[in-house]
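Read through the structure below, which is laid out as structure tokens, and then see the notes.
Index from 1, following the sequence.
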Amino acid sequence: MSLTDSVDIDSKSEKPVSLIWGCELSSERDSYTFQVPEEWQCEQQLALRTICLGEAAQDEFHVVEIVAAEEGDARAPVPLATLKPSVLPMATLVGVELTPPVTFHLRAGSGPVYISGQHVSMMPNLSWDEEEEEEEEDAEEEEPAEELSEKPPKGQAAKKGSAAKKRRLEKEDELNNVSPEDPLPSKGRGAGRGKKAAAKK
């Protein structure tokens, strides 16, 4: 089950926070437990991305498994990857999303084996509340301004309308006063084409 399946996508109260996570397994330290503090009340997940051998790994099989986190749990360990430097030095893990606590164990091989992924936490999102308050304040401020701008004083509206009418009438007069005898202004390169050239004497 993925984190997005269990959380409502439209939820405004939580947002995912992702951190890069990694651990090393070797003959000195053959197990690692990923767990979060109990005081963290938000949902946690570990999304695995890659598992690879270090440059000092011997040419032998390295088997990494996931072990049940609780001692009383009778579930069998689950192999996660079997790596060998000459055959498969690295594996990409897609869709492996685990809920802590999770224990990784190097069952065979001397390592080093590196496991990496993302630690995803659903943190409370307080910014939504702040944004909603700001939007409400902005809406209240815009309403009085809109009322003032919609109703201009009568004198100004009349002046604007009469000035626009004057300009339009002046343009119409100019167009009507152009006599047919006045040559039209030539524009661009093609002006004058179509006329026959004057005869040479």
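The two residues Val120 and Ser18 come nearest to each other via the heavy atoms CG2-OG, 4.2 Å. Taking every heavy atom of both residues into account, Leu25 and His105 meet most closely at CD1-C, 4.1 Å. For the residue pair Ser31 and Thr103, the shortest heavy atom distance occurs at CB-CG2, 4.5 Å. The nearest pair of heavy atoms linking Gln44 to Ser121 is OE1-OG, 2.7 Å.
When only modelled atom types and interatomic distance are considered, Gln35 and Thr33 share no side-chain donor-acceptor pair under 3.5 Å.
The cluster map of Ile, Leu, Val, Met, Phe, Trp and Tyr, joined by side-chain heavy atoms under 4.5 Å apart, puts Val102 and Val63 in different clusters. Hydrophobic cluster membership is shared by Leu98 and Leu106, with clusters built from Ile, Leu, Val, Met, Phe, Trp and Tyr side chains linked at under 4.5 angstrom. A continuous path of hydrophobic side-chain contacts links Val96 to Leu83 [ILVMFWY only; heavy atoms under 4.5 Å]. Met90 and Leu93 are assigned to two separate hydrophobic clusters, defined by single-linkage of ILVMFWY side chains at heavy-atom distances under 4.5 Å.
The environment of CD1 in Ile20 is sparse: at most 12 heavy-atom neighbours from other residues, nucleotides or ligands sit within 6.0 Å.
A search for ring-ring contact (aromatic ring centres under 6.0 Å, His included) contacts involving Tyr114 returns nothing, not counting sequence neighbours.
The closest donor-acceptor contact from the side chain of Glu60 to the backbone of Ser110 lies under 3.5 Å.
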Check your understanding: side-chain contact (heavy atoms from CB on, under 4.5 Å) between Glu65 and Leu80: does it pass, once the steps are laid out?
Key -> CA-CA 5 Å; Glu65 61 187 6; Leu80 184 62; 5.8 Å; no
**Study point:** Gln118 vs Arg49, side-chain contact (heavy atoms from CB on, under 4.5 Å): CA-CA, chis, key distance, verdict
**Key:** CA-CA 7 Å; Gln118 290 179 296; Arg49 298 293 181 236; 2.6 Å; yes
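Expressed to the nearest 0.5 Å, how far CZ of Phe104 lies from CD1 of Ile115 amounts to 5.0 Å. Rounding to the nearest 0.5 Å gives a distance of 6.5 Å between CD1 of Ile66 and CG of Leu48.
Taking the six-membered ring where the residue is Trp, His119 and Phe34 present perpendicular rings, their angle passing 60° and hence far from 30°.
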Sequence neighbours excluded and cut-off under 3.5 Å, please list the side-chain donor-acceptor pairs for residues 50-59, or say none.
unit_1, atom_1, unit_2, atom_2, d
Thr50, OG1, Ser116, OG, 2.5
Asp59, OD1, Ser86, N, 3.4
Asp59, OD1, Ser86, OG, 3.0
Asp59, OD2, Ser86, OG, 3.4

